[in-house]
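A short worksheet on the structure shown next.
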Amino acid sequence: AQTVTQSQPEMSVQEAETVTLSCTYDTSENNYYLFWYKQPPSRQMILVIRQEAYKQQNATENRFSVNFQKAAKSFSLKISDSQLGDTAMYFCAFMSTSGTYKYIFGTGTRLKVLA
Amino acid sequence: NAGVTQTPKFQVLKTGQSMTLQCAQDMNHEYMSWYRQDPGMGLRLIHYSVGAGITDQGEVPNGYNVSRSTTEDFPLRLLSAAPSQTSVYFCASRLDRGSTDTQYFGPGTRLTVL
């Protein structure tokens, strides 16, 4: 069974600084997708970035980028130039592309951006 | 598009009561799912549906029933509420089972069972 682990329950960062959120996962599959979702205080879940396992190039979306290490089963999220609006809970998620295509979520990292 | 809508936003139940959480989407998505979110546990899949008339269990299905009579609606029924079902419930949809585009989430229902 797949598992997703986020070992940092809480983090804080100064505005305009860079922060990295960690995520590791376990799977025996070779192809899958990984996602980072953001949940601000409004509770609305928002997709931040996604990575296809067979693509070696790390995904980037504006200030958000990932460091995907397939062999190490690691998928960290880097937020550059942190803004107050980045304050949220961040969830790492895994989706298999065989079988049921279910999402497996990590337990989340609560990020606070300080002014 | 309204996206994914959920009602109610908040609900308090007594142990043993039953209720239905409503979920609807207007994006013609085939795949819909229900999650519960508990502190320190992330989101866990309760039930999902790959299309009208087809449902299946997720990680934590006990105590919940679902049905999918239309593409748009995917209600979640609590048969006999227990305090362990106190949680925030999210409904989500995506185009189809294999879609890797974003899942669209509803605003959530905060349920308290006394």
Side-chain angles (χ1 to χ4, degrees), chain A residues 1-10 21-25 29 31-55 59 61 64 66 68 75 88-110, chain B residues 2-10 21 23 25 27 29-51 54-61 66 87-111:
Chain A
Q2 293 91 356
T3 59
V4 176
T5 301
Q6 293 179 250
S7 58
Q8 305 152 314
E10 293 186 357
L21 280 57
S22 301
C23 173
T24 58
Y25 59 94
E29 298 183 18
N31 199 23
Y32 45 86
Y33 278 77
L34 295 162
F35 306 86
W36 279 98
Y37 276 83
K38 169 185 177 181
Q39 185 182 44
S42 66
R43 280 202 322 231
Q44 187 66 48
M45 294 282 284
I46 304 163
L47 177 65
V48 175
I49 200 165
R50 67 179 172 200
Q51 174 80 41
E52 207 165 353
Y54 69 81
K55 286 188 177 176
E61 290 286 342
F64 299 88
V66 298
F68 174 50
F75 182 61
M89 181 75 89
Y90 287 82
F91 291 98
C92 179
F94 169 100
M95 187 185 95
S96 164
T97 55
S98 62
T100 60
Y101 295 83
K102 297 177 192 176
Y103 270 53
I104 307 295
F105 283 89
T107 53
T109 295
R110 188 176 300 280
Chain B
V4 179
T5 58
Q6 287 183 239
T7 55
K9 285 192 167 53
F10 301 93
L21 306 184
C23 173
Q25 52 90 11
M27 297 172 282
H29 286 174
E30 290 186 6
Y31 190 98
M32 296 184 74
S33 52
W34 277 101
Y35 295 89
R36 59 177 290 173
Q37 183 179 9
D38 301 293
M41 302 191 75
L43 280 79
R44 292 181 292 167
L45 183 65
I46 304 171
H47 284 286
Y48 66 97
S49 169
V50 298
I54 307 169
T55 64
D56 206 346
Q57 297 180 350
E59 293 177 73
V60 288
V66 292
S87 188
V88 179
Y89 291 84
F90 287 95
C91 179
S93 76
R94 63 181 193 255
L95 184 61
D96 55 43
R97 187 181 69 169
S99 174
T100 57
D101 287 336
T102 183
Q103 284 204 102
Y104 293 85
F105 286 81
T109 295
R110 182 177 292 278
L111 175 67

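Per chain, numbering begins at 1; letters A, B, ... match sequence-line order. All values reported here derive from a predicted model rather than from experimental measurement.
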With rounding to the nearest 0.5 angstrom, report the CD1 to CD distance, A:I46 to B:Q103.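 One gets 14.5 Å once the value is rounded to the nearest 0.5 Å.
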To the nearest 0.5 Å, tell me how far B:Y48 OH sits from A:Y101 OH.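 These two atoms lie 11.5 Å from each other.
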Examine whether an atom of [X] lies under 4.5 Å from a heavy atom of chain A, and if so say whether it belongs to the side chain, the backbone or both; otherwise answer neither.
| X | value |
| --- | --- |
| B:Y104 | neither |
| B:L43 | both |
| B:V88 | side chain |
| B:D101 | both |
| B:S33 | neither |

So that I know where these two stand, are A:F105 and B:Y35 an aromatic pair - ring centroids less than 6.0 Å apart?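 Distance test on ring centres: under 6.0 Å, yes.
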With ring centroids as reference points, do A:Y37 and B:F105 lie under 6.0 angstrom apart?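 Ring centres of B:F105 and A:Y37 closer than 6.0 Å.
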For the pair B:T102 and A:M45, evaluate side chain to side chain contact (heavy atoms under 4.5 Å, CB included) and give the outcome as yes or no after the intermediate values. CA-CA 10 Å; B:T102 183; A:M45 294 282 284; over 6 Å; no
Could you go through A:M95 and B:R94, starting from their C-alpha distance and side-chain angles, then the distance that decides it, and tell me whether this counts as side chain to side chain contact (heavy atoms under 4.5 Å, CB included)? CA-CA 13 Å; A:M95 187 185 95; B:R94 63 181 193 255; 3.7 Å; yes
Does any heavy atom of chain B fall under 4.5 Å from the side chain of A:Q39, the backbone, both, or neither of them?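 Only the side chain of A:Q39 comes within 4.5 Å of chain B.
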Considering all heavy atoms, the nearest [X]-[Y] contact:
| X | Y | answer |
| --- | --- | --- |
| B:T100 | A:F35 | O-CE2, 3.5 Å |
| A:R43 | B:T109 | NH2-N, 4.1 Å |
| B:Q37 | A:F91 | NE2-CZ, 3.2 Å |

Verify the neighbour count for atom CZ of B:R110: are there more than 12 heavy atoms of other residues, nucleotides or ligands below 6.0 Å?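 12 or below, so no.
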